[in-house]
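One structure is given here, and the rest of the page talks about it.
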Amino acid sequence: MAKPQQKRKPAKKGNNRNHNRSYNNTPRKQQEHVKEITYSTPLSVGQLAELMKRNSSEIIKFLFMMGNMSTINTVLSDEEIELICMEFNVTVHKEIVIEEDDIEEQIGNLEFDEKDLKPRPPVVTIMGHVDHGKTTLLDTIRKTHVTSGEFGGITQHIGAYQVSVGGRKVTFLDTPGHEAFTAMRARGAQITDIVILIVAADDGVMPQTKESIDHARAAGVPIVVAVNKIDKPGANPDKVMAELSDLGVMPEEWGGDTIFTQISARSGEGVHDLLETLILVADMQELKANPDTNASGTVVEAKLDKGRGPVATLLVQQGTLHTGDSVVVGTSFGRVRKMTNDKGMEIKQALPSTPVEIIGLNEVPRAGDVFMTYESYKKASEIAGHRLEKQIEKERNQTSAMSLEDLARQINEGDVKDINILIKADVQGSAEALKASMEKLDVDTVRVNVIRSTVGTITESDIMLASASNAIIYGFNIRPTAAIRKKAEEEGVEIRLHNIIYKALEELESAMKGMLAPVYEEVVIGQAEVRQIYKVSKVGTIAGCMVTDGSVRRDCSVRLIRDGIVIYTGKLGSLRRFDNDVKEVTNGYECGMTIENFNDIKVDDIIEAFEDQEVVE
């Protein structure tokens, strides 16, 4: 049976269709184009057309005329959006939306009413060439002895100290002076208000002097020149002034804008005048901060302490930091459990420009990270979690890109040899400095590739990574255990240990040039574990030990190691078994020993015995 046909109304239907088409077109012709738009996120051609109330085809046509092939889904750059808006007479504004976890951007955009701002102490960084007297100057100012505790008299870690100058507080950052610390010095200059450029009058301008000037200029901070060692024979301050003038640092006496002072850091001559000059320069800058807002600032140094966990030295730059505050530091977070000042005294709050050491973070942050306090611990943990995810994603992308670049470079350069290095250091600053300096070394076709650079003692995981990647492990101011040494020997991994950075660099560079031929080599002869300690008034601290590896000899040198970190290096004072002095104690036997001029020995410390032995070629 045939299906009945439905009746059609073609004419009416057609009229409706035509009517609808003209109805849809009418508003487009009648609607006014917008004169002003605002956007925050990147826009595609279609999204921009919608904002401008125009057809996408108009924008695509304009871009085509400009030589750009585009579609409705092409994402436009800020410059392209600006050009398109200019073409169509539309005023455009980009709204900068700061994400909640972007602490750096938040701190950079902080604005306060003038009435909320109060004067703050200046932050002063001392810069200059190695051995020109930076730490000695700070030592004279603080009336303490920093230099005597440093290896080779060279400052190894960045330090922050606050001193009182005529009733006014001044915060000093003591940055290391050797070229290996370029990265640390640059970081120091970015958080400072005034730079003291110290130049030895008998030495003149040196390579690190020029670098210091560049860092100060990059940070846009005023320089005060301290011409040091004016009491030494051969001192020539005028020569220093002339050399610095050639670099664009012109003295006021010669018509420039840089204040020069002449001092002797050792005797203290001229130091008072230098301090008065600092106060004068600080007053001219009118340094202010808001102490009544959430605390924020920068990490100066960070390390892992066996007893206290992650420890960070912070410089508060805005707000007031309190004990108990919830804080995000880089990608780590926590609650400030304890806060101590540079003199080791516990304090409850820290105002702007105050350096403090805090404990309570969940992990060790990186030196140079920014920090900010939050209302709740939960909020801080969420923000830190988001920041960690972003960092992991960023590093993953960077690693992928770098691998491709390295591959291309190797193809282009032909026969390229890489030396793989794994760095372990006692603090973050040293690890960064060593990594940056080693990667700069380039001898003929040999290039250094640092595959890992972290804080802490050498672990089995480090040995396995070095073995798999055919790498040399460089330890800075740390000591591996006997078990780790044995594991390294089994895996054929070489461990090089140093406590002065430039010596590590010299050794590596010599090896790269094929000139490494040491006359003497340090040989570890044994290790002992401290089981008990006895304090005797006339003798000092006696360590009751068990020799766990090798042997300990009476006249050997020793290192005291705590949690893999070298605490002290010196000579063995005495070695006894029961009541008798002995020449040697071997593996598996107990003994009592003292260390010359050192008494801070604790149970579970490791005493490592070593000797310098001549290498037979």
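All values reported here derive from a predicted model rather than from experimental measurement.
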Exercise for review: Check L351 against V316 and note the closest heavy-atom contact, atom names and distance.
Suggested key: O-CB, 3.7 Å

Practice item. Enter the distance from H498:NE2 to I478:CD1 here, rounded to the nearest 0.5 Å. Key: 11.5 Å

Practice item. Please answer whether the main-chain N or O of V224 pairs with a side-chain N or O of T258 as donor and acceptor at a distance below 3.5 Å. Key: no

Exercise for review: Please answer whether the main-chain N or O of A350 pairs with a side-chain N or O of T354 as donor and acceptor at a distance below 3.5 Å.
Suggested key: no

Exercise for review: May I ask you to say whether D283 pairs ionically with R168, meaning some side-chain N is under 4.0 Å from a carboxylate O?
Suggested key: yes

Practice item. Mind listing the closest non-hydrogen atom pair of E363 and S332 along with its distance? Key: CG-CB, 3.4 Å

**Study point:** Electrostatic pair D78:K94 at N-O distance under 4.0 angstrom
**Key:** yes

Check your understanding: Between E507 and Y502, do the side chains contain an N or O donor and an N or O acceptor separated by less than 3.5 Å?
Key -> no

Point to revise | Cationic N near anionic O, under 4.0 Å, E357 to K338 | key: no

Exercise for review: Would you name the heavy atoms of L244 and V225 that are closest together and state the gap between them?
Suggested key: CD1-CG1, 3.7 Å

Exercise for review: Could you tell me whether the side chains of N499 and N477 share a donor-acceptor contact shorter than 3.5 Å?
Suggested key: no

**Study point:** Short N-O contact, D426 and R479, less than 4.0 angstrom
**Key:** no

Review point. Once you round to the nearest 0.5 Å, how far does CD1 of I223 lie from CD1 of I259?
Key: 12.0 Å

Review point. Any luck finding a side-chain donor-acceptor pair between T457 and K424 under 3.5 Å?
Key: no

Review point. Ion pair present between D193 and R120, side-chain N to carboxylate O less than 4.0 angstrom?
Key: yes

Exercise for review: May I ask you to decide if N290's main-chain N or O and T293's side chain share a donor-acceptor pair within less than 3.5 Å?
Suggested key: no

**Study point:** F371 and T298, any side-chain heavy atoms less than 4.5 Å apart
**Key:** no

Review point. Nearest heavy-atom pair of P121 and S353: which atoms, and what distance?
Key: O-OG, 2.7 Å

Review point. Is the number of heavy atoms from other residues, nucleotides or ligands within 6.0 Å of NZ (K306) greater than 12?
Key: yes

Review point. Taking all non-hydrogen atoms of both residues, which atom of P291 and which atom of T320 are closest, and how far apart?
Key: O-OG1, 2.6 Å

Check your understanding: Going from CD on E346 to CG on N341, what distance comes out if it is rounded to the nearest 0.5 angstrom?
Key -> 10.0 Å

